[in-house]
Amino acid sequence: DNVLPQSPTTMAASPGEKVTITCHASSSGIYMNWHQQKSGTSPKLWIYDTSKLASGVPDRFSGSGSGTSYSLTINTMETEDAATYYCQQCCSTPYTFGAGTKLELK
Amino acid sequence: EVQLVETGGGLVQPGKSLKLTCATSGFTFSNAWMHWVRQSPEKQLEWVAQIKAKSNNYATYYAESVKGRFTISRDDSKSSVYLQMNSLKEEDTAIYYCTAVFAYWGQGTLVTVSS
């Protein structure tokens, strides 16, 4: 079972800056989930079915994608968005995760 | 409030067995497809196993890395899911999370395989 490539691996963004994280699926036509994880805590579902925001997620976040390329975008970075984000192929086995993108505050 | 609580982790020698339990509340467990996911010391998340609901005949699926060694099961009367881990290897060392349809996650339980 492989790990999905994500880019960048790490990045830093200033408050108000636009952020885009990319994930490459192993096959086309799938749905993608995104999970947010902060240090010492469990992952949280952030975006599901490629573009739907989980409950409580601010609308500055969005998800998109097609084919084998998927992305998570933060329209305007805020302090609380600093975390590691993992993509995950959903809906059929194996539910492969991405390698993770660590987003830091600049 | 949705809660998932994993127990049963610990230090175990290679080749030995361990059984994890995930007790849940706050959602309709009997309808939920349940998973175990682990996170290595390098922070990589890996899906481990899935068990579907009774309506799907409790079908089970496994990652290649654990197939034949791990067994997932559930008890709907106790709203609990289990992971029986046999023939443990050092590379099984990780935090093990249970999750309901990847929307609700437990706090995780640490499994360390070392001699």
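Computation of the quantities below employed the complete heavy-atom set of this structure, encompassing side-chain atoms and omitting hydrogens, waters and symmetry-equivalent molecules. We name chains A, B, ... by the order of the sequence lines, and we start the count at 1 in each one.
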Next on the checklist: Shorter than 4.5 Å, heavy atoms on both sides: which option in B:Tyr97, B:Tyr61, B:Trp33, B:Phe102 has the most such pairs with chain A?
Outcome noted: B:Phe102

Next on the checklist: Membership question, hydrophobic clusters at under 4.5 Å side-chain separation (ILVMFWY): are A:Ile30 and A:Leu72 in the same one?
Outcome noted: yes

Next on the checklist: For A:Ser55, which atoms come within 4.5 Å of any heavy atom of chain B: side chain, backbone, both, or neither?
Outcome noted: neither

Checklist entry - Side chain, backbone, both or neither: which part of B:Glu42 has an atom under 4.5 Å from a heavy atom of chain A? => result neither

Next on the checklist: Nearest 0.5 Å, please: how far is NE2 in A:His35 from CZ in A:Phe97?
Outcome noted: 4.5 Å

Checklist outcome for this item: Bottom line for A:Tyr86: the part with an atom under 4.5 Å from chain B's heavy atoms is side chain

Checklist entry - Can you name the nearest heavy-atom pair linking A:Leu4 to A:Thr96, along with the distance? => result CD1-O, 3.7 Å

Item to check | Interface residue of largest heavy-atom contact number with chain B, from A:Cys90, A:Ser42, A:Pro43, A:Ala99, under 4.5 Å | outcome: A:Pro43

Checklist entry - Does NZ or CZ of B:Arg74 lie under 6.0 Å from the centre of the six-membered ring of B:Phe29, at an angle within 45° of the ring axis? => result yes

Item to check | Side chain, backbone, both or neither of B:Val37 within contact of chain A (heavy atoms, under 4.5 Å) | outcome: side chain

Item to check | Segment of A:Ala54 engaging chain B (4.5 angstrom heavy-atom cut-off) | outcome: neither

Item to check | Parallel, tilted or perpendicular: rings of B:Trp47 and B:His35 (30°, 60°) | outcome: perpendicular

Item to check | Short N-O contact, A:Glu80 and A:Arg60, less than 4.0 angstrom | outcome: yes

